2 protein chains.
Amino acid sequence: MAEKQSAKSRRGRPRQAEVARLAGVSQTTVSLVLGGNKQGVALHPDTCARVLAAARELGYVPDPAARRLAAARNNLLGVFSFTATFPTAVEHSYYPFLVGVEQEAARHGYDLVLFTGSSSGGAQAASPGALERVRLADGCLFLGRHIPAGELRRLVEHGYPAVHIGRRDELDNLAWVGADYVEASAEVVRHLAALGHRRMILVREDDDAPASTDRERGFREALADAGLADAAAVVRAADPAAEITADWLRGRCAEGVTAFVAEETDTGAAWRALLAAVEGAGLHAPSDVSLALLGSPPADLADRPRPTGFDIPRTELGAAAVRALTALLTTGETESPLVSCAFRPGSTAGAAPTR
Amino acid sequence: MAEKQSAKSRRGRPRQAEVARLAGVSQTTVSLVLGGNKQGVALHPDTCARVLAAARELGYVPDPAARRLAAARNNLLGVFSFTATFPTAVEHSYYPFLVGVEQEAARHGYDLVLFTGSSSGGAQAASPGALERVRLADGCLFLGRHIPAGELRRLVEHGYPAVHIGRRDELDNLAWVGADYVEASAEVVRHLAALGHRRMILVREDDDAPASTDRERGFREALADAGLADAAAVVRAADPAAEITADWLRGRCAEGVTAFVAEETDTGAAWRALLAAVEGAGLHAPSDVSLALLGSPPADLADRPRPTGFDIPRTELGAAAVRALTALLTTGETESPLVSCAFRPGSTAGAAPTR
DNA sequence: CCTCCGAACTAATACGCATTAGTTCGCCGT
DNA sequence: ACGGCGAACTAATGCGTATTAGTTCGGAGG
């Protein structure tokens, strides 16, 4: 009765050889039938039917590792994030991206492998080779800005299909998908200009992430296009809460500024500071001043009036990333598309007060 | 100049054989050295050093597919939910489970494969055999109550390691992890009893899911233990909004009922109805009547005062499910643990009014 | 001097699948 | 009656690694 390893070690997971035995054919035939017989070997329809029936009866599913090793593909797409994909704190979760990734992957017939990169509690998160695990999948999506560039570069240079969610120009040849912050920000500015605002200020944090500089560029360009170039003012605030005060706001208003624009950040600090300053100054938006947010408000401010601004299409970005990856896999073409953000009218911007 | 496949097909990614050649040893030795030599083969320190040096020089990284193939396990855990796609809302109850699953899986060195009912290449979600695809993973977690029992049984009977999140006794041999609703509900009742409440009513929906019957059992048992057995009353409401009205509430209060307990459901209908009835009756909790909720409030009522009751430890449940699954995989032992819920004092229950 | 032993390695094989180069068999043509 | 040919399959091999069963060699023991 002592069964062979075939039943024990693999827990009854059937392989092609077992399907073959049941169908009375060779393992080769099973592989051909189930693989779609792309090599054009002549196969009798009856045989195919028997193989298919046997595979179904045994519940056969190909082993992804073996497939991969045999230089074929898995139909698996990887998702790797250097922080937990499902963080305990929901504020900056990758979940919306994942929704789009999942939908688009399903549409293309791929399953998703979530590489539990450096989730708290995992093994050495930064251990060299941590990224190599993704090679089990046909290709991989990366998200988060803390992905070790060295390892990623290695993968890409070895021809591994990878797509980063979020612009990432430092690495040549790395495909990415990003949101078009430039255009989206410009649109917000045009909206404000159309409402009659002639002087406006952008409050941004003091770093040089692409997401920030792109917003500033859109802001400046739109103002220039509207003939208001000299009216542009950008404030870089390392500590918005301390710098964007009610007094500061009153000062700017006195100078003729009628609209204030904040960039979205992880914490929403700039936007919070603006809201607090307006309230502290005893003003009201949009009647006294107009406010706009270049992005989405933090979750805890959801009950506030919706800020005028734009929404980052996270779900669509996830889907676009999958499309870029499948393009890489099938045609080998590297594409790095910009996805448009959706303008959000909101209720914090109104007509500029007539002086 | 025609290079051998060694340089072309793999684009220079070195394998053990190349490391071996450089170090002047065999591939076996390389595998032993790099694998930590757990089998205790005698190896000369100098040899190890040479191998290590060669590996470093070539930038050798093991191929995960080959590694997993040779190990006859691929360190993949499946997560299957029968919803068509991922729920879009982050607040969805599904999310906290994933948090725990991801953390615990990472801790055990597993990666996750995400399956959804419709991932089969966009084919019919409910097509027979939809569940078979999970065999790609070493084992699988199931969540959602709409998982087809027949297919699941098939998997389990074939010895496939599966763990269901949520109690599921209908299937013999199916491991599950569940929340201890009986004890948690009993604790809430004890809390109310300690506050002086002598008559209380449980409002539940009209179905027989384990989650509902367990809560009722805890409710009844705690009352019996407190010597208030005859004071127990359970209302099954098919349409809580229509049945739990202000008039109804006044009627019960007139009969001496001082506390109302609702069970948590998907929609939170029972709890909503109770809140509305209390308000409609011009009463206030906890001063006039005490309220308790056997579970967590729906997300949109988060700003309301926190209901007295308990929280389902979803994250911990996800982690427990992973532990149960790894136990199944390594020792083959089926365990189905109950996880304790955390009592939530809240602010909707107070001392019973002295009559 | 031959044997035996342990140290230090290596040859061979399995893992599950895909692919290439056959092999077998029935039948047609001359 | 025999070569040939296509239809229908299968044997053999490779992918890169882990593991098991050897093999070689120098020296100690009898």
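Naming convention: chains lettered A, B, ... in sequence-line order (proteins, then strands); numbering from 1 in each chain. Since the model is a prediction, treat every value here as computed from it, not as a measurement.
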Pull out every protein N or O sitting under 3.5 Å from an N or O of nucleotides 24-29 of chain C, one pair per line with the distance.
none

Nearest-Å distance for atom pair CD/C1', residues B:Gln16 and D:dC15: 13 Å
For B:Glu333, all residues meeting salt bridge (Lys or Arg N to Asp or Glu O under 4.0 Å), sequence neighbours excluded: none
Close approaches to DNA chain C from residues 19-35 of chain A, in residue order (heavy atom, under 4.0 Å): A:Gln27, A:Thr28, A:Ser31
Whole-Å gap separating P (D:dG16) and CG (A:Leu136): 15 Å
Non-neighbouring partners of A:Arg167 that pass side chain to side chain donor-acceptor pair (under 3.5 Å), sequence neighbours left out: A:Asp169, A:Asp214
Any residue meeting side chain to side chain contact (heavy atoms under 4.5 Å, CB included) with A:Ala321, in chain and number order, not counting sequence neighbours: A:Leu141, A:Val163, A:Ile165, A:Val177
Electrostatic pair B:Glu132:B:Arg154 at N-O distance under 4.0 angstrom: yes
Separation of C:dG16 P from B:Arg73 CZ (nearest whole Å): 14 Å
All salt bridge (Lys or Arg N to Asp or Glu O under 4.0 Å) counterparts of A:Asp63, not counting sequence neighbours: none
Value in whole Å for how far the C1' atom of D:dG14 lies from CZ of A:Arg68: 16 Å
CD-CG distance between A:Glu57 and A:Leu52, expressed to the nearest 0.5 angstrom: 13.0 Å
Contacts of B:Glu157 that satisfy side chain to side chain contact (heavy atoms under 4.5 Å, CB included) - sequence neighbours left out: B:Arg153
Backbone of B:Gly100 reached by a side-chain donor or acceptor of B:Thr315 within 3.5 Å: no
Residues, nucleotides or ligands: over 12 heavy atoms within 6.0 Å of A:Arg135 CZ: yes
Nearest-Å distance for atom pair NZ/C1', residues B:Lys38 and D:dT20: 17 Å
Euclidean distance, atom CG of residue B:Asp63 to atom C1' of C:dG16 [Å, nearest integer]: 14 Å
Nucleotide C:dG16, atom C1' - distance to OH of A:Tyr60 in whole Å: 7 Å
N/O contacts under 3.5 Å, protein versus nucleotides 3-6 of chain D?
none

Any pair counted as side-chain hydrogen bond (donor to acceptor under 3.5 Å, both in side chains), so long as it reaches residues 22-32 of chain A, sequence neighbours left out: A:Gln16-A:Gln27, A:Ser26-A:Thr29
Partner residues of B:Arg21 under the side chain to side chain contact (heavy atoms under 4.5 Å, CB included) criterion, sequence neighbours left out: B:Glu18
Spacing between B:Asn37 atom CG and C:dC9 atom C1', to the nearest angstrom: 11 Å
Distance (rounded to the nearest 0.5 Å) between A:Leu22 CG and A:Tyr60 OH: 14.0 Å
Near-strand residues of residues 39-57 of chain B, defined as heavy-atom separation under 4.0 angstrom from DNA chain C: B:Val41, B:Ala42, B:Leu43, B:His44, B:Thr47
Nearest-0.5 Å distance, CG of residue A:Leu143 to CZ of residue A:Arg314: 11.5 Å
Distance below 4.0 Å between A:Arg67 side-chain N/O and C:dG16 OP1 or OP2: no
Counterpart residues, ring-ring contact (aromatic ring centres under 6.0 Å, His included), relative to B:Tyr110 (two or more places apart): none
